Q: 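Here it is: the structure, laid out below.
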Amino acid sequence: ITYSKMLPDINLISNRRFKIRNFQEDKTATLEANPGLRYDGEVYKFSRFSGNFYLTNPDGELIESFGIVIFIPKAYPNAFPVVVSVDNKIEKIDDFHISKEGEICVEHIYIANKLAKAGLRLYDFINYYLPKYFSWVLLKQNGIAENLQEWGHKDKGTIQVYEILIGTSDEAVIKQFLERYLGAAKIRRNDKCYCGNGRKLKECHREAALFLKSTSKKIIEKDIALFS
């Protein structure tokens, strides 16, 4: 399993064993599927889960356990969970996408924004992201990194997001796209695409424009400097 830098399909993360309708059902499903975790209740306006995440192989055999705390913001399900490592099994450095305080970065913030806006259940988040991240970090720690994928750090990761989203590494095209996106009052299907190829938005980059709506225009405006 690799920590892929490709934009995830929200449907993959929503592949639930059964329909989860509210936080109580989500909590129950999460604890049943992850026996190492417990629910601690509300802590400083967050719903908190803590304990161990058990990384297993396809046969259900334990590979490694990781001590973690998961914080669910009050805006649930329209919020991206925060995962903190509380043991010493992962060196807390940028190379492993973990802060000195132990906060694990499992996704680029702009993708996290999109998933949160669509609604993200904890059961799905854990099932999709934690095996993916902890498998990736174990391989990297053991020097098996040749075929691993990951987001670049900070601005480099943001550049990667735009390159994948717009389908080009041409800085001039990305800059033009962002400027025209910011200048548009609304995303209209029949407007010319912001990339400048002459096609209508609905036939070109409409999904990319809709994706960007989950992130503040003020933030995107600052990103233009990355392509100047």
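As the structure is a prediction and not an experimental result, all values here were calculated from the model.
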Q: Can you tell me if Tyr110 and Lys114 form a side-chain donor-acceptor pair at under 3.5 Å?
A: no

Q: If you take all heavy atoms of Trp151 and Ile111, which pair is closest and at what distance?
A: CZ2-CD1, 3.3 Å

Q: Do the side chain of Glu25 and the main chain of Arg21 share a donor and acceptor less than 3.5 angstrom apart?
A: yes

Q: Once rounded to the nearest 0.5 Å, what's the spacing between atom CZ of Phe49 and atom OG1 of Thr30?
A: 5.5 Å

Q: Is Ile104 linked to Val82 within one hydrophobic cluster, defined over Ile, Leu, Val, Met, Phe, Trp and Tyr using a side-chain heavy-atom separation of less than 4.5 Å?
A: no

Q: I want to check something: taking the side chain as every heavy atom from C-beta on, are Leu138 and Leu55 in contact at a cut-off of under 4.5 Å?
A: yes

Q: Decide, yes or no, whether a salt bridge links Arg38 with Asp40 under the criterion of side-chain N to carboxylate O below 4.0 Å.
A: yes

Q: Flag yes if more than 12 heavy atoms outside Gln141 fall under 6.0 Å of its CD atom; otherwise flag no.
A: yes

Q: Could you give the distance from CZ (Phe134) to OG (Ser85), rounded to the nearest 0.5 Å?
A: 6.5 Å

Q: Output the distance between atom SG (Cys193) and atom CD (Gln176), rounded to the nearest 0.5 Å.
A: 9.0 Å

Q: Check the side chains of Asp223 and Tyr162 for a donor-acceptor pair under 3.5 angstrom, ignoring hydrogens and angles.
A: yes

Q: Are Lys89 and Glu64 within salt-bridge range, i.e. N to O under 4.0 Å?
A: yes

Q: About how many Å separate CD of Glu107 and CG of Asn113, when rounded to the nearest 0.5 Å?
A: 10.5 Å

Q: Counting C-beta onward and ignoring hydrogens, is there a side-chain heavy-atom pair between Asn190 and Arg188 closer than 4.5 Å?
A: no

Q: Using ring centroids (six-membered ring only for Trp), state whether Trp136 and His97 fall under 6.0 Å.
A: yes

Q: Might you point out which heavy atoms bring Ile90 and Ile98 nearest each other, and give the distance in Å?
A: CG2-CG2, 4.1 Å

Q: Is there a side chain to side chain contact (heavy atoms under 4.5 Å, CB included) between Glu163 and Ile174? Walk through the geometry before answering.
A: CA-CA 7 Å; Glu163 288 178 343; Ile174 296 173; 3.9 Å; yes

Q: Under 4.5 Å between any side-chain heavy atoms of Pro131 and Phe53, yes or no?
A: yes

Q: Between Phe80 and Val106, is any pair of side-chain heavy atoms under 4.5 Å apart?
A: yes

Q: Evaluate the criterion side chain to side chain contact (heavy atoms under 4.5 Å, CB included) for residue pair Phe71 and Ser47; output intermediate values, then yes/no.
A: CA-CA 6 Å; Phe71 295 98; Ser47 295; over 6 Å; no

Q: Any idea which heavy atoms bring Ala184 and Tyr194 closest together, and the distance?
A: CB-OH, 3.6 Å

Q: Kindly say whether Ile166 contributes a backbone atom to a donor-acceptor pair with the side chain of His205 at under 3.5 angstrom?
A: yes

Q: Sort out for me which residue in Tyr129, Phe125, Phe66 forms a side-chain contact (heavy atoms from CB on, under 4.5 Å) with Val83.
A: Phe125

Q: Determine whether Pro73 and Phe46 make a side-chain contact, defined as any pair of heavy atoms from C-beta on separated by less than 4.5 Å.
A: yes

Q: Can you find a heavy atom in the side chain of Ile68 that is under 4.5 Å from one in the side chain of Ser50?
A: no

Q: Please walk me through it: do Tyr54 and Asn52 pass side chain to side chain contact (heavy atoms under 4.5 Å, CB included)?
A: CA-CA 6 Å; Tyr54 299 140; Asn52 291 285; 3.7 Å; yes

Q: Are side-chain heavy atoms of Lys154 and Thr158 found at a separation under 4.5 Å?
A: no

Q: Can you tell me how far CD1 of Ile224 sits from CD of Glu171, rounded to the nearest 0.5 angstrom?
A: 13.0 Å

Q: Any donor-acceptor pair under 3.5 Å linking the side chain of Asn57 with the backbone of Asp59?
A: yes

Q: Side-chain heavy atoms nearer than 4.5 Å, only ILVMFWY residues, links allowed to pass through others: does that put Val84 and Ile72 together?
A: no

Q: Can you establish whether the number of heavy atoms outside Lys217 located under 6.0 Å from its atom NZ is more than 12?
A: yes

Q: Determine whether Tyr39 and Val43 fall in the same hydrophobic cluster, where Ile, Leu, Val, Met, Phe, Trp and Tyr are linked whenever their side-chain heavy atoms lie under 4.5 Å apart.
A: no

Q: Is the number of heavy atoms from other residues, nucleotides or ligands under 6.0 Å of Asn142 CG greater than 12?
A: yes

Q: Could Glu150 and Lys140 be called an ion pair, given the rule that one side-chain N must be under 4.0 Å from one carboxylate O?
A: yes

Q: Contact between Ile126 and Ile70 at the side-chain level, heavy atoms closer than 4.5 Å - yes or no?
A: yes

Q: Would the number of heavy atoms belonging to other residues, nucleotides or ligands and lying under 6.0 Å from NZ of Lys92 be above 12?
A: yes

Q: Identify whether Leu37 and Val86 are in the same connected component of the hydrophobic contact network (ILVMFWY, side-chain heavy atoms under 4.5 Å).
A: no

Q: If I compare all heavy atoms of Ala208 with all of Phe177, which pair ends up nearest, and what's the gap?
A: CB-CZ, 4.1 Å

Q: Does Gln160 use its side chain to pair, donor to acceptor, with the backbone of Gly152 at less than 3.5 Å?
A: yes

Q: Which heavy-atom pair separates Arg206 from Ile187 by the least distance, and what is that distance?
A: CG-CG2, 4.5 Å

Q: Could you see if Leu148 belongs to whatever hydrophobic cluster contains Ile93? Use Ile, Leu, Val, Met, Phe, Trp, Tyr and a side-chain cutoff under 4.5 Å.
A: yes

Q: Measure across Ala79 and Tyr76 and return the closest heavy-atom pair with its distance rounded to 0.1 Å.
A: CB-N, 4.0 Å

Q: Between Asp26 and Asn22, does the side chain to side chain contact (heavy atoms under 4.5 Å, CB included) criterion hold? Intermediate values first, please.
A: CA-CA 6 Å; Asp26 192 8; Asn22 54 50; over 6 Å; no

Q: Looking at NZ of Lys175 and CG of Leu226, how far apart are the two atoms once the value is rounded to the nearest 0.5 Å?
A: 11.5 Å

